[in-house]
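Just so it is clear: chains get the letters A, B, ... in the order the sequence lines come, proteins before strands, and each one is counted from 1.
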There are 2 protein chains.
Amino acid sequence: MPVTIYEVAEKAGVGIGTVSRVLNDSPQIAPATRAKVLKVIKQLNFQPHAMAQGLARRKTHTIGVIVPFFTGYFYVELLRGIQQALSENKFDLILYGVDDLQKKEACFKRVLQQRRVDGVLTLSMPLSEQIAAEFERRELPLVLVDAFHPQFDSITVNNEEGAYQAVRHLINLGHRKIAIVNGHFESLPAQERLSGYKRALAESGLVMPAEYLITSDALREGAVAVNDGFNKETGYRAMRELLALNGSHPEAIFAASDIQAIGVIGAVRECGLRIPEDLAVVGFDDIELAELVGLTTMRQPIREMGKLAVDCLLAKINGDAEAAKVHHRFNTKLIVRETSGTRRQSF
Amino acid sequence: MPVTIYEVAEKAGVGIGTVSRVLNDSPQIAPATRAKVLKVIKQLNFQPHAMAQGLARRKTHTIGVIVPFFTGYFYVELLRGIQQALSENKFDLILYGVDDLQKKEACFKRVLQQRRVDGVLTLSMPLSEQIAAEFERRELPLVLVDAFHPQFDSITVNNEEGAYQAVRHLINLGHRKIAIVNGHFESLPAQERLSGYKRALAESGLVMPAEYLITSDALREGAVAVNDGFNKETGYRAMRELLALNGSHPEAIFAASDIQAIGVIGAVRECGLRIPEDLAVVGFDDIELAELVGLTTMRQPIREMGKLAVDCLLAKINGDAEAAKVHHRFNTKLIVRETSGTRRQSF
DNA sequence: ATGAAAGCGCTAACAC
DNA sequence: GTGTTAGCGCTTTCAT
């Protein structure tokens, strides 16, 4: 029932090869013929069948995006940038949500084997050597966003430096007892942000008790990682623990993500403490929420990261820039708002 | 290079037809043969090529989701439910973002013609008769989420009743001067929420000045609709206008969406008024943000809507329930928090 | 129960 | 320049 290349060919009085050439605007075709075919195409409202094209061309004109948990503003924002860049290039996007880390491997296998996509983008997912090898073998273009692997292009943010600056900001404000509320430690960003935190402290000769370094791992539910720890709940619970430290709780918190900072703030409020008077907090990410609650934070250029990721991937796919591996690292920027300032938090 | 059905067949010493049957677990196949083939499949780590399968089977095992602007927490939450339900059914999801309403038609055409998907889900998009006809003609399953069209299944929420209850809540609290901050008026939810608002007022014999009914249309940027008006900015601007009404500004606001309510709150704060003491506000949606800022709102079961949408669509696709059209309408639920209560807003 | 063969709708190599 | 033909990797009759 749907119109095929054959009908177009017949109606235009040419061979299917010619139609195909017009479709792929092949250089050498008589202008007259092209016009004729084009007219019929318009008239019949024809569009090539994507599957057939994909099969013949061995190209799907589609990329896969693998998102962990598909939750969290960070991913949404990233997706937005990706989607936009992709649609500008007329590429389709298949979304693979890995809500369960156990399913991760299965998802990769699927993507790798099914050949539904010309390339893939993974968000915040550490790449196992095994999977890495598979991508190499299959020669399936891959770029990592918010994660790193020497063999593949990656788009990251300077987490170490960002964390360093965030903590410096706190130190400059006069705080001396600064705790960190981190995500799960297998996450690279979590590790890097921790080093930045440590560097800033060391530089000022500050030493924190071990209880001040808190990772969401300790708070993890079961043995299984169902999330990355960068969420409101872990922030809340971490802060409760910090507040329960008899005697000396910290006077400032560096949260490794805005959403955790939100949880932290909630816990602080519950205990009747004021922000920033009694306790300052700075987050990381600068998601939309941050502005709404007046959170001081380190801004990541999330949208831009998404766009660049697409550009890189498409370049690989087109073989354009078969060039060297690109490891692009964006810089972060401190956005000072009420939770660390001297003004009363307004919201 | 990639392993095909032929290699599997050869290695298993059977014909490709047999392998195919095993793949599609055809009923009548010798258990021994099946086992043998299965073993080779595992061993070779074989998975059928999606495009080839799609071409031959005339089924893609994929659905398309068309999202307007792909912005806003409401869509994200919906997408989450959809993605989850889909992955349970091992269906893939192609995301079409329509950031520009002009591109809407083009997007539909593309989806319709390319035959990349077995069915489509549209989120909050009014369906033009022309497009509707195309779907009918192509017999492409379609279900509308947060929109309505008599010919297609739809998943909506009882906007009228929800708005009614929200405003009743305000009235019960003793408020008499209640304004509505709405989205663009071509959106069905916007229209329905307006009627609910009116009904509640009428029921109590309340009459509002025209300036109290404010739609984001008036605030619209250009002639072109680049968004649906359900955003923070329009809420903020609407509230500024309301506050500028010399003499009598409203004492309560019903915002047609939480995100607009957030904007409203921002504007109110800027003017030094307190919430809820000087002004009460209730939103609509109950996005995650609502809880964070203590916003009273009408909850929509967003995730469930997404799941049901997928179930409906899949049923259509499988021809299972070739049954009657389903127009499922969820009920909303009032969630009372600080912005309308008597307690001071905590956050 | 299983092999052989004919498509599915398109691209690309090969002729003319 | 343009028609013809052989695949792309799988499903699905049709035989056997």
Side-chain angles (χ1 to χ4, degrees), chain A residues 1-41 44-62 92 110 112-118 138-139, chain B residues 1-38 40-41 44-62 92 110 112-118 138:
Chain A
M1 186 76 263
V3 26
T4 72
I5 207 177
Y6 288 93
E7 292 150 52
V8 175
E10 185 180 344
K11 194 149 186 177
V14 301
I16 65 163
T18 302
V19 177
S20 177
R21 279 176 207 114
V22 172
L23 251 30
N24 302 283
D25 36 38
S26 146
Q28 307 300 44
I29 222 175
T33 322
R34 146 169 282 118
K36 189 171 52 179
V37 172
L38 243 25
K39 214 188 77 194
V40 178
I41 288 181
L44 259 43
N45 196 12
F46 167 83
Q47 285 212 23
H49 184 144
M51 300 276 141
Q53 217 167 18
L55 186 56
R57 198 149 35 182
R58 281 112 174 290
K59 282 288 180 191
T60 63
H61 220 68
T62 303
D92 281 334
R110 193 140 158 264
L112 244 6
Q113 299 274 152
Q114 275 192 147
R115 275 151 305 162
R116 272 174 143 299
V117 300
D118 295 338
R138 282 284 196 320
E139 299 185 39
Chain B
M1 188 75 263
V3 27
T4 73
I5 207 177
Y6 287 93
E7 292 151 51
V8 175
E10 184 180 345
K11 194 149 186 176
V14 300
I16 64 163
T18 301
V19 177
S20 177
R21 280 176 206 114
V22 171
L23 249 30
N24 301 283
D25 36 38
S26 148
Q28 309 298 44
I29 220 172
T33 322
R34 146 168 284 118
K36 188 172 52 181
V37 173
L38 244 25
V40 178
I41 288 181
L44 260 43
N45 196 12
F46 167 83
Q47 285 211 24
H49 183 145
M51 299 276 143
Q53 217 167 17
L55 186 56
R57 195 147 40 182
R58 281 115 174 286
K59 282 287 179 190
T60 63
H61 220 69
T62 303
D92 281 335
R110 192 140 159 262
L112 243 7
Q113 300 273 152
Q114 275 192 145
R115 275 152 306 163
R116 273 173 141 300
V117 301
D118 295 337
R138 282 285 196 319

State whether a side-chain donor-acceptor pair under 3.5 Å links Arg138(B) with Gln113(B).
-> yes

Mapping Gly15(B) and Arg115(B) onto DNA chain C by nearest heavy atom, which one lands closer to the 5' end?
-> Gly15(B)

Scan Val14(A) against the nucleic acid and name what it touches under 4.0 Å (heavy atoms): base, sugar-phosphate only, or nothing.
-> sugar-phosphate

Asp25(B) versus Arg34(B): any side-chain heavy-atom pair under 4.5 Å?
-> yes

Euclidean distance, atom CG of residue Leu55(B) to atom C1' of dT11(D) [Å, nearest integer] | 10 Å

Compile the donor-acceptor pairs under 3.5 Å between side chains in residues 16-24 of chain A and protein atoms, sequence neighbours left out, one pair per line.
unit_1: Ser20(A); atom_1: OG; unit_2: Asn24(A); atom_2: ND2; d: 3.4
unit_1: Asn24(A); atom_1: OD1; unit_2: Arg57(A); atom_2: NH1; d: 2.7
unit_1: Asn24(A); atom_1: ND2; unit_2: Ser20(A); atom_2: O; d: 2.6

Steps toward side-chain contact (heavy atoms from CB on, under 4.5 Å) verdict (Asn45(A), Val3(A)) | CA-CA 8 Å; Asn45(A) 196 12; Val3(A) 26; over 6 Å; no

Here the pair of heavy atoms bringing Pro2(B) nearest to Glu7(B) is O-OE2, 3.7 Å

Protein-nucleotide distance (Glu10(B), atom CD; dG9(D), atom P), rounded to Å = 15 Å

Close residues, residues 25-34 of chain B, relative to DNA chain C [heavy-atom separation under 4.0 Å] = Gln28(B), Ile29(B), Ala30(B), Thr33(B)

Side-chain (Thr60(A)) to main-chain (Gly54(A)) donor-acceptor, under 3.5 angstrom | no

Applying salt bridge (charged side-chain N to carboxylate O under 4.0 Å, His left out), name anything that partners Arg110(B), two or more places apart in sequence or on another chain.
-> Asp92(A)

Separation of dC8(D) C1' from His49(A) NE2 (nearest whole Å) = 13 Å

Are the side chains of Val37(A) and Val40(A) in touch, meaning some heavy atoms are under 4.5 Å apart?
-> no

What is the distance from NE2 of His61(B) to P of dC10(D), rounded to the nearest Å?
-> 16 Å

Atom-to-atom span, CZ of Arg58(A) to C1' of dA6(D) - whole angstrom | 13 Å

Per the end-axis method with five pairs at each terminus, what is the bend angle of the helix from dA1(C)-dT16(D) to dC16(C)-dG1(D), to 10°?
-> 40°

Considering non-hydrogen atoms only, spot the tightest contact between Gln114(A) and Gln47(B) and give its length.
-> CG-OE1, 3.6 Å

For Lys36(A), does the NZ atom have more than 12 heavy-atom neighbours from other residues, nucleotides or ligands under 6.0 Å away?
-> yes

Atom pairs under 3.5 Å: protein N/O with N/O of nucleotides 12-16 of chain D:
unit_1: dT13(D); atom_1: O4; unit_2: Arg21(B); atom_2: NH2; d: 3.3

Whole-Å distance, Tyr6(A) OH to dT5(D) P, equals 11 Å

Could you check Gln47(A) against Gly13(B) and say which one's nearest nucleotide on DNA chain C is further toward the 5' end?
-> Gly13(B)

Which atom pair, heavy atoms only, marks the closest approach of Ala50(A) to Met51(B)?
-> O-SD, 4.3 Å

Students should find that the nucleotides of DNA chain C closing off the region near chain B, any atom under 4.0 angstrom from a heavy atom, are dA1(C) to dG9(C)

